[in-house]
Amino acid sequence: MILHTVNKSAFDNRALGDCLRVVATNDAVLLIENGVYGALSSSQSEPAHVESILELSAAGTRFYVLQADCQARGLTDSALLPAVQITDDAGFVALAAEASAIQSWY
Amino acid sequence: MSKILLLDSDGHLEHLEDWSEQAAQQLAASENIELGEAHWEIIYLLQEFHQRFQLSPPMRPLVKYIAQNLGKEKGRSIYLMQLFPPSPARVASKIAGLPRPENCL
Amino acid sequence: MFRHAPYGNALAREGLEAALACGAMGAKASLLYINEGVWQLLEPQDSSAIDCKNQAAMASALPLYDIDEIWVDEASLQQRNLTATDINAGKIIDSSRVQALFATSKNILSF
């Protein structure tokens with residue numbers, strides 16, 4: 001399993017879209033820093049990342065956001081896609097330990 | 001007659017343009033090396049490498065490049081060690097007027 | 001893994017230096033050019049007027065540093081209307097091969 005981290009907002013950077021294009025179904029994607037905006041269920045970003053996240057998640061790819069980064073930015077749990085799990089630093093470490101390698105998209 | 005050469009903290013030429021065959025002989029003398037035909041051949045090949053790739057090669061790529069251009073007999077670290085002791089990539093690049101190779105021990 | 005275009009920032013050069021360092025130390029490394037990184041392979045480059053080292057010239061030394069596995073993402077080329085004749089190195093691979101490359105990598109350095 002590869003752990004992909006994305007730390008840029010999909011509204012000003014292609015990191016999330018570039019990641020979603022090559023992520024595998026047994027991989028995990030962790031949205032951190034400004035990357036957490038990518039987890040908003042109301043997002044109308046172009047291209048349609050929400051659809052990709054839902055499709056990939058249905059196929060098995062796991063999605064996470066870092067709770068502290070959501071909290072800092074005023075993103076409440078209810079605003080996030082249900083397909084995205086909320087995790088903390090310990091969860092980040094556990095994912096990193098589980099992964100065979102980490103790819104950071106920035 | 002020796003000319004005053006501007007050197008960096010590693011003893012390499014500060015400015016590549018200052019290089020001349022006489023400068024090379026001065027730099028070689030500071031490493032206790034007297035330059036002969038075999039040395040010049042390597043020095044000119046090193047300068048060609050730097051011109052072409054904009055890099056000062058450490059040992060492995062230097063050996064490979066020499067093997068490609070001057071043949072397998074010369075493309076060996078033992079051969080270079082005899083010409084440019086104790087650290088051929090560093091010493092030869094210094095005499096050739098190039099910056100110190102990165103990733104070079 | 002190269003994801004950014006050359007010269008606008010230091011990423012491409014730093015990535016190349018990391019690859020050359022791996023080669024010089026005998027560490028096995030493969031390179032993947034993807035997204036904006038594919039611009040690094042465009043020829044001819046002449047960076048003399050912007051006072052930068054020529055990335056393409058440096059990259060052409062990679063085989064001498066025993067870095068022989070160079071991959072280029074097909075979709076990234078297509079998005080930029082580039083073809084195999086526009087780039088100076090690398091084998092073109094599709095997304096599934098990119099995934100396989102990730103899966104078999106011990107470490108991924110992204111530049």
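In what follows, chains are A, B, ... by sequence order, proteins preceding strands, each numbered from 1. Hydrogens, waters and symmetry mates are skipped; everything else that's a heavy atom, side chains included, is used.
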Does B/A23 offer a backbone N or O that forms a donor-acceptor pair with the side chain of B/S20 under 3.5 Å? yes
Side-chain ion pair, C/R80 and C/E36, N-O less than 4.0 Å: yes
Is the side chain of C/S30 donor-acceptor paired with the backbone N or O of C/E69 at a distance under 3.5 Å, no angle test? no
Which residues, numbered in order, of residues 64-80 of chain B come under 4.5 angstrom of chain C by heavy-atom distance? B/K64, B/Y65, B/Q68
Donor-acceptor check, side chain of B/Q47 to backbone of B/A96, threshold 3.5 angstrom: yes or no? yes
Knowing that exactly one of C/Q45, C/R13, C/K53, C/Q55 qualifies, which makes a side-chain hydrogen bond (donor to acceptor under 3.5 Å, both in side chains) with C/Y7? C/Q45
Is it true that C/R97 and C/E74 make a salt bridge, defined as a side-chain N closer than 4.0 Å to a carboxylate O? no
